Amino acid sequence: MPRIAEARPPAEPSSPEQHARQSRILRAAAHMGAEKGLERVQMHEVARAAGVAIGTLYRYFPSKTHLFTAVMADLIDRFDESLPEPRPGTSPEDAVGDVLVSASRRLLRNPALATAMLQSANAAGATAVADAVRIDTTFRGIILRVLGIGEPTEQDVTLVRLLLQCWYGVLQSSLNGRASLAGTEGDIRLACRLLLAPRSNAARS
């Protein structure tokens, strides 16, 4: 399990050059994570591959937990930007199922990187690793948007949180070899139908 090395908050890039530097770091980490897995990735190797000093890397990402949580947050941001419109005639809960299945396929393409990101995100405390909150907030926004809920109730937010927790667990089972791809996708779709049935804008019989 990755550890958070320092309590100090990471620096935030402010200039175009700093944003470009941070992007290089994230790309280098994603490449190494996919190739080596979390435990074998060394921070000094990431810095070298990104063309930055090791002090610069630690200023933005004080630990591998910060680094790979940020890699996951960046991946989800890009996934959100490329999300297609739901298929015509698809129910809202099945449209969410399509979204989570698509995200799962993208993650499971690189099992070692997916494991590194999920382990890091699960280990990240909200007060210490801001990107953990960013992941939750972005995915909650995606699901609520697909459901067509503009003003969620407290129950809506709870249902989405439970669905995401279920999704993480199903993904982990797949990565551990305890579920087939077909079984994983079937579980995700069933979870969407069951957990989202009591949402505020669901049709009432």
Side-chain angles (χ1 to χ4, degrees), residues 1-85 99-146 160 164 167-168 171-172 175:
M1 184 68 67
R3 292 180 296 111
I4 300 176
E6 298 184 38
R8 65 177 177 80
E12 290 291 337
S14 56
S15 68
E17 292 80 9
Q18 289 172 343
H19 280 285
R21 194 176 299 132
Q22 187 182 62
S23 294
R24 291 202 309 273
I25 292 170
L26 293 176
R27 287 196 300 271
H31 177 76
M32 290 190 173
E35 185 178 74
K36 297 183 172 187
L38 182 64
E39 295 303 323
R40 292 177 56 209
V41 170
Q42 300 296 319
M43 295 291 269
H44 67 87
E45 293 177 339
V46 174
R48 186 185 313 124
V52 301
I54 188 66
T56 299
L57 173 60
Y58 277 114
R59 188 162 68 250
Y60 291 124
F61 306 106
S63 71
K64 282 198 285 185
T65 295
H66 288 84
L67 179 57
F68 281 95
T69 301
V71 171
M72 185 169 180
D74 182 65
L75 178 68
I76 292 171
D77 283 347
R78 287 185 281 113
F79 177 75
D80 186 17
E81 292 167 1
S82 63
L83 202 60
E85 291 296 315
V99 167
L100 292 183
V101 164
S102 177
S104 301
R105 289 175 180 173
R106 188 174 296 195
L107 285 167
L108 295 174
R109 250 181 246 152
N110 294 301
L113 177 58
T115 299
M117 291 189 295
L118 286 172
Q119 285 182 353
S120 297
N122 287 335
T127 58
V129 186
D131 282 319
V133 177
R134 182 172 140 215
I135 290 169
D136 293 342
T137 301
T138 302
F139 247 125
R140 182 173 65 241
I142 290 171
I143 292 174
L144 290 171
R145 189 172 72 242
V146 173
V160 171
L164 290 175
W167 179 60
Y168 289 139
L171 280 179
Q172 194 61 63
L175 289 166

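Counting from 1, the numbers follow the sequence of the chain as shown. Please read all numbers here as calculations on a predicted model, not as lab measurements.
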> Is there a side-chain contact between Leu67 and Ser120, using heavy atoms and a 4.5 Å cut-off?
Replying inline: no
>> Taking the side chain as everything from C-beta on, heavy atoms only, tell me whether Arg134 gets closer than 4.5 Å to Asp77.
In response: yes
> Would you say the side chain of Gln18 lies within less than 4.5 Å of the side chain of Tyr60, judging by non-hydrogen atoms?
Replying inline: yes
>> side-chain contact (heavy atoms from CB on, under 4.5 Å) for Val160 and Phe139? Distances and angles first, verdict last.
In response: CA-CA 9 Å; Val160 171; Phe139 247 125; over 6 Å; no
> Is there side-chain contact between Leu38 and Thr115, with heavy atoms separated by less than 4.5 Å?
Replying inline: no
> What's the shortest heavy-atom distance between Val71 and Leu113, and which atoms?
Replying inline: CG1-CD1, 4.3 Å
> Out of Ile143, Val101, Leu100, which one pairs with Trp167 under the side chain to side chain contact (heavy atoms under 4.5 Å, CB included) rule?
Replying inline: Leu100
> Do the side chains of Phe61 and Gln22 get nearer than 4.5 Å, heavy atoms only?
Replying inline: yes
> So, for Met32 and Ala49, which heavy atoms are closest and what is the spacing to 0.1 Å?
Replying inline: CE-CB, 3.6 Å
> Can you find a pair of side-chain heavy atoms, one from Leu75 and one from Leu107, that are under 4.5 Å apart?
Replying inline: yes
> What is the minimum heavy-atom distance between Ala34 and Ala112, and which atoms define it?
Replying inline: O-CB, 3.7 Å
> After noting the C-alpha distance and the side-chain angles of Ile54 and Met43, does the key distance pass the side-chain contact (heavy atoms from CB on, under 4.5 Å) rule?
Replying inline: CA-CA 8 Å; Ile54 188 66; Met43 295 291 269; 4.2 Å; yes
> Are Phe79 and Thr138 side-chain neighbours, meaning at least one heavy-atom pair lies under 4.5 Å?
Replying inline: no
>> Once rounded to the nearest 0.5 Å, what's the spacing between atom CG of Leu118 and atom CE of Met72?
In response: 5.0 Å
> Can you name the one residue among Arg106, Arg145, Arg140 that meets salt bridge (Lys or Arg N to Asp or Glu O under 4.0 Å) with Asp80?
Replying inline: Arg145
> Where do Glu45 and Lys36 come nearest, in terms of heavy atoms and distance?
Replying inline: OE1-NZ, 2.7 Å
